[in-house]
Each structure stands twice: as structure tokens, then as C-alpha cells.
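One-based numbering along the sequence shown. Reckoned from all heavy atoms, side chains included, excluding hydrogens, waters and symmetry mates.
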Amino acid sequence: MIAAHDMAFYLFLVQGVAMVVTVYSPQSPALLRRALLAQVALIAVFWFVWSGYSRDAWRYLSAFDGNPLSFEEEHLFWLAGHGLSRVFPDPWSLKILTVVGALIFCAALVTFFRGKSHEYPIIGLYVALLVPGFILLFGNTLRQGMAAAMVLLGMNLLFASRYALFALSVIVAFLVHQTALILAAAILMGRYFTVWAKYLLLLAPFVSYLAAYGLSLAGEDLGAIIRYSDRTEGVFHFEKFLVSYLLAWLVVIMGQKGEGPWAWLYAAYVYMVAISACFLKYEVPFERLLLYSDMLLPFVIPALALPWLSSRRAKGIGFAAGMLAGLVLWTHPSVVTALGYAV
């Protein structure tokens, strides 16, 4: 099995493509286009090589060998995995699904920035490899990652007023992972209730505690209703909340002048953070929903940051800081272990 430090070295080189081209040749559309294609191809290769060995991989692969119709929910994912497992040896069925999911995400990101400079999706893919959600969802909890990618692709259709196709994308995502409906709800609220996002964000951290207290007075247990509420394996639970909460407020402040799809995108991100914060009392539900907000960051950060990165020096500093942060993420014990590699 390939060692974890080789994975980090590969990703460091992938990020170098974005840094070199964007910093030194931002005025060459043809070169930017080739760099974007190279990024997508390199990300696909990454998942072909390093996926399939995660902590949850054995559960997926063993389930693929059984009857996919025996599951009560999310049949599309199990049918796809079962069909691939009958053609390819383990863990290739899981690898193929991972690559497909990652490519759907890349398509969603590139499509969102259509008509803008190729710098936007290049930076977006750069950011994707720096957020834990992208690594953990596609590297371990694949159903949720694939469902998120499908909803994000549908987000572009919603913003283009193609409502039927958006609904279809959400239905397909639901058949892969049911919680995709929550991400879709955040996007819908961002589109149609843009100005209310900051108010929900303000109240969100108190919701689960007040609801649990109120129901306890009536003799009811909120934790019995919420799935996985009894699990406590959340790592740095409140630290993650604090970082995401402050970042969401930063998006509120910096995105105040956004219009159209930009404003809707910022509001969708804030709503997703707020919705996850509504479950703050319960570690695992909170953290799993927060991963959806991570998947929106590659869309949000380029839209907010690129206007500020007008000079070569500013871009160089930003990219260098990102690559150092990436090395910390890619070698972190929790990430390495989740992907199935020894620390």
C-alpha cells in the first residue's frame, strides 16, 4: 500500500500547478484552460490511486456483494456499487464511484464559474483539496460526498431557473444519501430568502439546547428523534463550530455587496453552517452536516478572495500559505487514518 507521505507529496504537486500558472501566467486564457484540465485530471488520478482503503471501505464493499434491494433506503448507490462489484475486483468498484463523484463535483465548480476567468475554478479546485470535507467525504463517507456533488451540480441549474432539472438532481442525490435534502434546502433558502441567512446564523447555536430543554419539560427526548445523537466520536467538536461560525460571519460581512448568484451562493453557505449549528448539542449530527458547508467553500472562497488577490505578491503569499495548510491536513492522523493509511 502506498504510504501516506507519498499522498501528501502528490497533492503538493497538484496544488503547485494552480500556484505556478495563476501567479505567473494569469493573462494567458489558453494556459489557464490547460491548467484547469490538468487539475481535474490529477484529482481524478488521486482518487483512483488513494481511495478504496478507507475506514468505511470494508462496509461498502461487503454491502456491494449482497442484495442491493435489501436496503431500505438510498438504493441508487447500492445498485451502482453492486453492479460495479460484479465486473471489477475489490476495491475498484469503490474507487470508480469515488472518481465519478469527484468529477461531478469538478463539473459543478467549473460550471458555476462559466463565463468568468478560468482563475476562479482553478482556485476553487485548489481550495477543495484544502478543506477537510472534500477529503473525508470522497475518501471515506462516499455516499454523502457523491450526494453533495449532485446537489451542487443542481445548484447551477437552480440559479439558472431550470427548476425541473434542479429537482431531478436532488431526487437522484436523495437516492444516494438522504441528508442531501438538507444541503438542497440550504441552497433553496439562499436563493429565495437571501437576507435572512444572518439571522438564522445568529440564533442557530442555541436551537438544539433550547429545543432539548423544552421537550424535556414535556417528558420527551430530542436525542431519540435525531439520528446518531448518541454518538460522541466528534473530534474538536466545539473548535470546528467556532471556526465555521466565525468564517460564516466573515462571509456575511464580505459578501454584503454580492448580487445575483454570488449573493445566493454566500447565503447558501451561511444557511448550511447555521443549519449544522442547529444540531450543536449532538456531536456527530452537527459534524456530518458541517461537512456539507465545506463542499461550498470551493465556490465561496474564489468568489470572495480573487478580487483581493490582484497582485502577484498577494497571490504568491496566499498560495504558499494554502500549501502549508494542505501539508498539515494531508498528514493529520485523523485524515490519514480515515483514508485507511497508517500514521
Side-chain angles (χ1 to χ4, degrees), residues 73-74 76-77 97-98 100-109 111-112 124 127-128 131-160 162-163 165-194 196-197 200-201 204 207 226-228 240-241 244-245 247-248 251 255 261-280 282 284-301 303:
E73 56 193 29
E74 299 159 348
L76 181 59
F77 178 81
L97 287 174
T98 302
V100 169
L103 289 176
I104 293 173
F105 174 84
C106 292
L109 188 67
T111 303
F112 181 81
V127 171
V131 294
F134 183 80
I135 301 295
L136 294 174
L137 288 180
F138 287 117
N140 189 38
T141 55
L142 177 58
R143 282 183 300 149
Q144 188 178 352
M146 292 190 72
M150 293 171 184
V151 173
L152 291 172
L153 187 62
M155 178 178 71
N156 300 323
L157 300 167
L158 175 68
F159 289 177
R162 303 177 72 176
Y163 306 114
L165 290 176
F166 169 72
L168 179 61
S169 72
V170 173
I171 292 171
V172 173
F174 176 79
L175 294 175
V176 173
H177 200 278
Q178 293 182 348
T179 61
L181 289 180
I182 298 176
L183 176 58
I187 292 170
L188 280 168
M189 289 190 292
R191 171 64 180 86
Y192 295 107
F193 305 100
T194 308
W196 296 100
L200 180 59
L201 183 66
V207 169
I226 299 174
R227 193 179 232 182
Y228 305 135
K240 290 178 181 177
F241 160 72
S244 63
Y245 195 67
L247 185 56
V251 171
W262 305 102
W264 305 336
L265 171 67
Y266 303 148
Y269 173 75
V270 174
Y271 271 122
M272 193 62 246
V273 173
I275 291 171
S276 64
C278 286
F279 295 84
L280 182 60
Y282 306 102
V284 172
F286 160 74
E287 294 203 6
R288 294 199 178 182
L289 291 179
L290 190 65
L291 290 173
Y292 280 132
S293 70
D294 274 5
M295 297 292 277
L296 283 163
L297 282 175
F299 296 78
V300 170
I301 290 179

So, for [X] and [Y], which heavy atoms are closest and what is the spacing to 0.1 Å?
| X | Y | result |
| --- | --- | --- |
| Gly124 | Leu109 | C-CD2, 3.5 Å |
| Leu290 | Ser276 | CD1-OG, 3.4 Å |
| Asp294 | Val131 | O-CG2, 3.9 Å |
| Ala303 | Trp262 | CB-CZ3, 3.1 Å |
| Leu152 | Met295 | CD1-O, 3.6 Å |
| Cys278 | Val207 | SG-CG2, 3.9 Å |

Could you measure the distance from the [atom1] atom of [X] to the [atom2] atom of [Y]? Nearest 0.5 Å is fine.
| X | Y | atom1 | atom2 | answer |
| --- | --- | --- | --- | --- |
| Leu137 | Thr98 | CG | OG1 | 11.0 Å |
| Arg227 | Phe279 | CZ | CZ | 12.5 Å |
| Phe134 | Leu291 | CZ | CG | 13.0 Å |

Original post:
Is Tyr192 atom OH crowded by more than 12 heavy atoms from other residues, nucleotides or ligands, each under 6.0 Å away?
Top reply: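 Atom OH in Tyr192 is crowded, with more than 12 foreign heavy atoms closer than 6.0 Å.
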
Original post:
Is the count of non-hydrogen atoms from other residues, nucleotides or ligands lying under 6.0 Å from Trp196 atom CH2 greater than 12?
Top reply: no

Would you call [X] and [Y] a side-chain contact if the rule is heavy atoms closer than 4.5 Å?
| X | Y | answer |
| --- | --- | --- |
| Phe77 | Leu175 | no |
| Leu200 | Val270 | no |
| Ile275 | Leu183 | no |
| Tyr269 | Leu247 | yes |
| Ser169 | Leu153 | no |
| Met272 | Ile182 | yes |
| Met155 | Phe159 | yes |

Original post:
Side-chain donor-acceptor pair under 3.5 Å between Tyr266 and Thr194, yes or no?
Top reply: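 Note: Tyr266 and Thr194 side chains miss the donor-acceptor criterion.
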
Donor-acceptor contacts, no H, no angles, side chain residues 141-149, under 3.5 Å, sequence neighbours left out:
from	atom 1	to	atom 2	distance (Å)
Arg143	NH1	Glu74	OE1	2.1
Gln144	NE2	Arg288	O	2.7

Original post:
Short question: side chain of Tyr245, backbone of Leu201 - any donor-acceptor pair under 3.5 Å?
Top reply: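 Side chain of Tyr245 to backbone of Leu201: a pair is present.
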
Subject >> Sidechain-backbone polar pair: Asn156 side chain, Ala108 backbone, donor-acceptor under 3.5 Å >> reply: yes

Original post:
Stepwise, does the side-chain contact (heavy atoms from CB on, under 4.5 Å) test hold for Leu188 with Phe166?
Top reply: CA-CA 10 Å; Leu188 280 168; Phe166 169 72; 3.8 Å; yes

**OP:** Please assess Trp264 against Ile187 for the test side-chain contact (heavy atoms from CB on, under 4.5 Å), listing each intermediate value before the final yes or no.
**Re:** CA-CA 8 Å; Trp264 305 336; Ile187 292 170; over 6 Å; no

Original post:
Phe105 vs Phe138 aromatic rings, parallel, tilted or perpendicular, using cut-offs 30° and 60°?
Top reply: perpendicular

